[in-house]
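The figures here come from the full heavy-atom set of this structure, side chains too, leaving out hydrogens, waters and symmetry mates.
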Amino acid sequence: MPNLQDDDVLSRFAFDRNHVRADGTARSALLKPKTGQALSVFQTTGITHSTICDHGHHYADNPASGRVHFGYVTLSCQEVRAEGLQPYYDNTSPRHVSVPFNADDPERRLALAQALASKASLLQECLPPATIVL
């Protein structure tokens, strides 16, 4: 994959309704990785809403463990970099991007997540994956 450009769109899938406010704005919990982990997002520049939802169902969901996304928020790569973060393709799955926080301090990680949440788009809702009935 080529290097990420400032205008690339990064999508973060939402799995927990408590991570999104009723008005569709992201809470910091949606954009705060666990200690020692990177924030997991997908580069979705130039693809349609339904394709983003399908991509999430195929590459981010884990139905066996009850993990199915219901939507996503977006940020530009430039907005992420403005917080001193360096997103990069890690190709663990197609279009996957890691955003290392490099901050073991819980207060710093929370501040980064809050800054990203304040810049994130409103939640774009996705339909559940199609169920095949035999």
J.: Just verifying a value: how many Å separate Ile47 CD1 and Ile52 CD1, rounded to the nearest 0.5 Å?
T.: 4.5 Å
J.: Could I get the full list of side chain to side chain donor-acceptor pair (under 3.5 Å) partners for His19, not counting sequence neighbours?
T.: none
J.: Which atom pair, heavy atoms only, marks the closest approach of Tyr59 to Ser93?
T.: CD2-CB, 3.8 Å
J.: For His69 and Cys126, indicate whether the former's side chain and the latter's backbone hold a donor-acceptor pair under 3.5 Å.
T.: no
J.: Restricting to non-hydrogen atoms, name the atom on Glu83 and the atom on Leu116 that form the minimum distance, rounded to 0.1 Å.
T.: CG-CD2, 4.1 Å
J.: Give every residue pair that meets the salt bridge (Lys or Arg N to Asp or Glu O under 4.0 Å) criterion with at least one member in residues 56-76, sequence neighbours excluded.
T.: none
J.: Indicate yes or no: at least one non-hydrogen side-chain atom of Val41 is less than 4.5 angstrom from one of Pro87.
T.: no
J.: What are the two closest heavy atoms between Ala26 and Leu30, and how far apart are they?
T.: CB-CD2, 3.9 Å
J.: Could you pull out all residues at least two apart from Asp6 that satisfy side-chain contact (heavy atoms from CB on, under 4.5 Å)?
T.: Gln78, Arg81
J.: According to side chain to side chain donor-acceptor pair (under 3.5 Å), who are the partners of Arg21, at least two apart in sequence or on a separate chain?
T.: Thr25
J.: Strictly distance-based, threshold 3.5 Å: is any side-chain N or O of Arg12 a donor or acceptor partner for the main-chain N or O of Thr74?
T.: no
J.: Any side-chain heavy atom of Val68 sitting closer than 4.5 Å to one from Pro128?
T.: no
J.: Quick check: are there more than 12 heavy atoms from other residues, nucleotides or ligands sitting under 6.0 Å from CG of Leu127?
T.: no
J.: Output every pair passing side chain to side chain donor-acceptor pair (under 3.5 Å) with a member in residues 106-116, not counting sequence neighbours, ordered by first then second residue.
T.: Thr35-Arg109
J.: Apply the test side-chain contact (heavy atoms from CB on, under 4.5 Å) to residues Asp90 and Tyr88: give CA-CA distance (whole Å), side-chain angles for both, the deciding distance (0.1 Å), then the verdict.
T.: CA-CA 6 Å; Asp90 69 7; Tyr88 67 94; 3.7 Å; yes
J.: If you round to the nearest 0.5 Å, how far is CG of Leu4 from OG1 of Thr45?
T.: 8.0 Å
J.: If we only count heavy atoms from C-beta on, is the His57 to Phe13 side-chain gap below 4.5 Å?
T.: no
J.: For residues 97-116, which residue pairs pass the ring-ring contact (aromatic ring centres under 6.0 Å, His included) check, not counting sequence neighbours?
T.: none
J.: Please examine the side chains of Tyr72 and Cys53, heavy atoms only from C-beta on, and report whether any two atoms are closer than 4.5 Å.
T.: yes
J.: Can you find a pair of side-chain heavy atoms, one from Gln86 and one from Pro100, that are under 4.5 Å apart?
T.: no
